[in-house]
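First up is the structure itself, then whatever we jot down about it.
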Amino acid sequence: MSHYLKNLFFPLLLLLITWSSAGMAKDPLVVKPATLQCEYLLNPIGIDALKPRLSWLMIDNRQDARQTAYRIIVGKDSIAISKRMGNSWDSGKINSSDRLVNYGGQPLEAFHKYFWTVELWDKNGKLAAPGPISSFETGMMTAAHWKGDWISDGNDINKRPAPYFRKAFESSKQVKSARAYIAAAGLYELYLNGKKIGNHRLDPMYTRFDKRNLYVSYDVTAQLQKGSNAIGVLLGNGWYNHQAMAVWNFDKAAWRARPAFCMDLRITYTDGTTTVITSGKDWKTSLSPIISNNIYTAEHYDFRLEQPGWNTSDFDDRKWESVVVRKAPSDLVVSQAMQPIRNVKEIPVKSMKKLDDTTYVFDLGQNISGVTKIKVKGEDGTILRLKHGERLYANGRVDLSNIDVYYRPKDQTDPFQTDIITLSGKGQLEFMPKFNYKGFQYVEVTSSKPVQLSKESITGYFMHSDVAPKGKISSSNPLIDKLWWATNNSYLSNLMGYPTDCPQREKNGWTGDGHFAIETGLFNFDGITVYEKWLADHRDEQKPDGVLPDIIPTGGWGYGTANGTDWTSTIAIIPWNIYLFYGDSQLLADSYDSMKKYVDYITQISPEGLTTFGRGDWVPVKSKSNLEYTSSTYYFVDAIILAKTSKILHKQKDFDYYSKLAEKIKASINNKYFNAETGIYASGVQTELSVALQWGLVPEGLKAKVAQNLAKRVAADGMHLDVGVLGAKAILNALSDNGQAETAYKLAAQDTYPSWGWWIVNGATTLYENWDIKAERDISLNHMMFGEIGGWFFKGLGGIHPDEQYPGFKRIQLRPNFVSGLNHFKAEHEGPYGKIVSAWKRSGNKVVYTVTIPANSDAVISFPVADGKKVYRNGKVIASKVKLNAGVYQFEIA
């Protein structure tokens with residue numbers, strides 16, 4: 001080889017090797033869009049929004065990474081979108097760092113699939129690598145598109161067995177796509193050619209049925225077959241036909257009726273034609289083997305009544321009855337565009353005890369919401385009872401006395417949390433309830449005749465709204481980590497399409513529990529779709545004068561004398577927190593008129609700025625807090641949120657009015673309840689000092705003084721809690737945000753009574769309803785009302801806070817606290833811009849602090865620097881407060 005060729009060949013070979021290596025390895029510098037969502041869902045179908053929200057992440061691991069421009073392209077042709085051509089909307093290049101944009105193209109058409117992608121330009125103005133092509137599919141859009149009738153089996157509200165419905169039809173042409181749209185008053189399971197469609201549980205979500213009903217959309221293309229087909233629907237009572245009686249009066253709900261449904265199956269053929277198979281009078285109905293079902297109590301099933309093949313095309317339904325066509329439950333039927341309820345996790349039995357040949361007790365090892373599946377063989381007619389509970393008697397049997405206290409049964413035919421099954425004698429049978437869930441750790445199985453069960457005979461399923469995890473913490477203290485885990489278990493156990501108080505005794509959407517836990521929920525899980533649905537329930541339940549019930553939805557109970565500001569401030573607090581965490585003002589806008597009506601009502605009954613409208617500091621340890629003081633504080637919170645919302649929505653007149661109202665309320669509270677000289681609020685108990693600091697009542701120059709008084713009060717109380725639900729929401733934040741993080745941590749890590757840790761060391765896997773484990777009332781073992789601590793870990797130790805001026809963690813406020821009781825702590829939160837990490841650990845006499853700020857956002861870090869300590873970066877002293885762009889940073893405090 002000549003010298004010339006050598007000089008040419010070897011550089012080319014080296015270049016080829018370099019290119020090959022680069023192609024084989026993952027390039028950490030690739031910049032591209034990711035996680036494209038429509039209405040906070042991945043590739044959803046059944047979207048009714050006229051201008052749906054489109055969002056994305058920017059993947060860029062470089063320091064100072066940011067988006068300088070975007071372009072959204074939407075169209076009906078995926079190939080055209082891949083070539084960056086959209087016939088529905090092309091936003092053009094927009095010079096902006098926005099990552100949440102409403103669709104702005106041609107009007108969307110019902111039943112169409114739209115493909116979309118986004119182009120991004122990086123910090124250097126360079127076009128990023130292509131991102132994925134995503135899609136969304138519109139649903140009904142308007143009521144006029146429904147073709148089917150609402151049908152029922154015509155029985156009355158007291159008929160217990162659940163009804164089957166079926167229809168056979170022919171499909172002779174080649175199918176391109178098929179979609180099933182089904183709305184129900186009650187609950188349903190949908191089948192096509194013998195197979196259940198989807199993996200959702202307890203659809204549709206519970207609403208006020210005479211105001212608004214939800215429909216669910218399914219892609220059933222793969223389930224259709226050429227020739228004969230059959231649709232099957234099984235209906236359950238749910239909250240619509242509440243047959244059990246309890247103190248909440250759901251059996252007296254104005255909407256109550258026999259369950260019904262409406263369905264359209266739209267089939268599009270390859271020749272471009274469409275046909276719609278609809279629910280109507282040509283369907284047939286029969287009673288099912290589910291001989292009783294109640295969302296509140298349990299489900300009963302008789303295997304001897306099964307009709308094999310009832311939902312297949314060759315089933316003989318000549319003995320079935322005709323259906324009844326009825327009026328729709330409400331005038332508003334809208335898409336259920338939200339995270340569904342699923343059996344999210346399978347929980348194997350931890351231990352089993354056989355008490356005798358007819359009695360077994362199973363322990364799952366943790367408290368959950370959900371159901372059990374049993375596999376069992378037995379003689380024809382053998383009756384098994386599966387009693388689910390949270391506690392055991394001394395004799396080892398299941399104790400329901402802490403959770404059946406509000407049940408008012410007429411007789412013994414529907415025992416609380418007890419499934420009843422009757423065997424057919426046909427080999428091994430499986431049963432899992434379809435239209436019920438329970439709160440439990442233990443299952444007691446008793447049988448009318450001896451049966452042989454093993455540890456594997458029972459399986460538990462943790463059931464809840466299937467929201468994606470968004471947060472994680474880890475620390476050097478196992479108690480803290482267990483407490484975080486238990487808090488999340490309680491949060492998920494109480495997320496069933498709306499936040500509940502407990503999964504066993506009530507299953508009610510108590511408003512206070514919902515907003516006490518909102519930050520815990522949003523730091524840990526992607527819950528926006530659930531909360532947007534629940535605030536729509538609020539708007540449905542609000543009376544014309546602005547009053548809200550304290551359980552939502554409700555059958556009419558809860559509009560009493562105590563459903564006041566400390567509970568029903570959900571109408572303001574939850575939309576505001578959604579805005580802070582997601583940077584999305586849509587829920588604020590949707591709830592704005594309801595917020596105004598609510599605040600105006602409180603103003604009408606409280607002209608001097610003080611109100612006693614509320615429940616007070618529920619389930620305190622021992623001290624009582626002043627009701628007027630705490631209720632007025634939440635009145636102030638609502639007014640200030642309303643004022644801020646007015647500004648965000650450009651309503652200047654309202655902003656001026658509600659700002660002055662908030663100032664008036666604050667002045668009224670401070671004039672009556674604050675002693676500026678001593679720095680004490682009201683009588684000076686923990687809750688009264690805490691809420692003033694938490695909610696911004698304390699004059700600026702006196703916060704440290706009030707916080708010191710709070711720390712002294714905690715010390716005087718033996719470094720233990722003396723709060724109820726209002727204080728539990730406030731106390732840790734009040735301390736850690738105001739220079740008393742050491743005291744806050746000691747409270748959070750306390751493991752003797754009364755404390756969160758006391759529950760954990762006594763075996764809790766969830767949060768309890770009462771600090772006193774042996775209390776005589778208010779003793780549910782799976783409650784969320786004391787759950788703020790799960791959010792405080794991120795704030796008080798990790799220091800992660802949203803910035804209301806740059807919401808959605810566009811700017812992150814980082815205020816970590818390096819408390820002396822921990823050697824290391826790490827908090828991670830997946831925000832709208834990506835993963836935020838705040839981690840610190842001790843190394844000798846210094847603290848090493850590491851931060852990750854995601855692309856397209858920035859952060860302000862405020863270091864807690866003790867006397868004699870300094871902050872170092874790369875060996876150089878820096879200020880104790882710094883602003884940083886995206887990237888990974890490490891600091892030393894020494």
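- Ring geometry for Y40 against Y582 counts as perpendicular: the plane angle is over 60°, on a 0 to 90° scale with 30° as the lower cut.
- The distance between the ring centers of Y872 and F891 does not fall below 6.0 angstrom.
- Remark: K93 is positioned above the aromatic ring of W121, its terminal NZ or CZ atom under 6.0 angstrom from the ring centre and at most 45 degrees off the axis.
- Here the closest heavy-atom approach between residue S493 and residue S369 is recorded as CA-OG, 3.2 Å.
- A 6.0 Å sphere centred on OH of Y806 holds no more than 12 heavy atoms belonging to other residues, nucleotides or ligands.
- Between F523 and F794, the ring planes lie parallel to each other; the angle is under 30°, not in the 30° to 60° tilted range.
- Ring pair Y70/W56: centre-to-centre distance below 6.0 Å.
- Aromatic pair F793/W484: centroids not less than 6.0 angstrom apart.
- A distance-only check finds no donor-acceptor pair linking the side chain of S690 to the backbone of A730 [under 3.5 Å].
- Note on E892 versus K869: no salt bridge recorded, every NZ/NE/NH1/NH2 to OD/OE distance being 4.0 Å or above.
- N823 and K841 share no donor-acceptor pair across their side chains, judged by distance under 3.5 Å alone.
- The residues E830 and K470 are annotated as not salt-bridged, no charged nitrogen and carboxylate oxygen being separated by less than 4.0 angstrom.
- Ring pair H464/F462 is perpendicular by interplanar angle, where above 60° counts as perpendicular and below 30° as parallel.
- Contact check on E804 versus R811 returns no salt bridge, with no Lys/Arg side-chain nitrogen under 4.0 Å from an Asp/Glu carboxylate oxygen.
- Between D122 and R62 there is a salt bridge, since at least one side-chain N of the basic residue sits less than 4.0 Å from a carboxylate O of the acidic one.
- In this view, K123 satisfies the salt bridge (Lys or Arg N to Asp or Glu O under 4.0 Å) rule with no residue, not counting sequence neighbours.
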request  = Applying side-chain hydrogen bond (donor to acceptor under 3.5 Å, both in side chains), run through Y498 and S465 and close with a yes or a no.
outcome  = CA-CA 8 Å; Y498 64 106; S465 290; over 6 Å; no

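- Between E788 atom CD and N733 atom CG the span is 4.5 Å, to the nearest 0.5 Å.
- Electrostatic pairing of D803 and K810 does not count as a salt bridge here, judged by no charged N lying under 4.0 Å from a carboxylate O.
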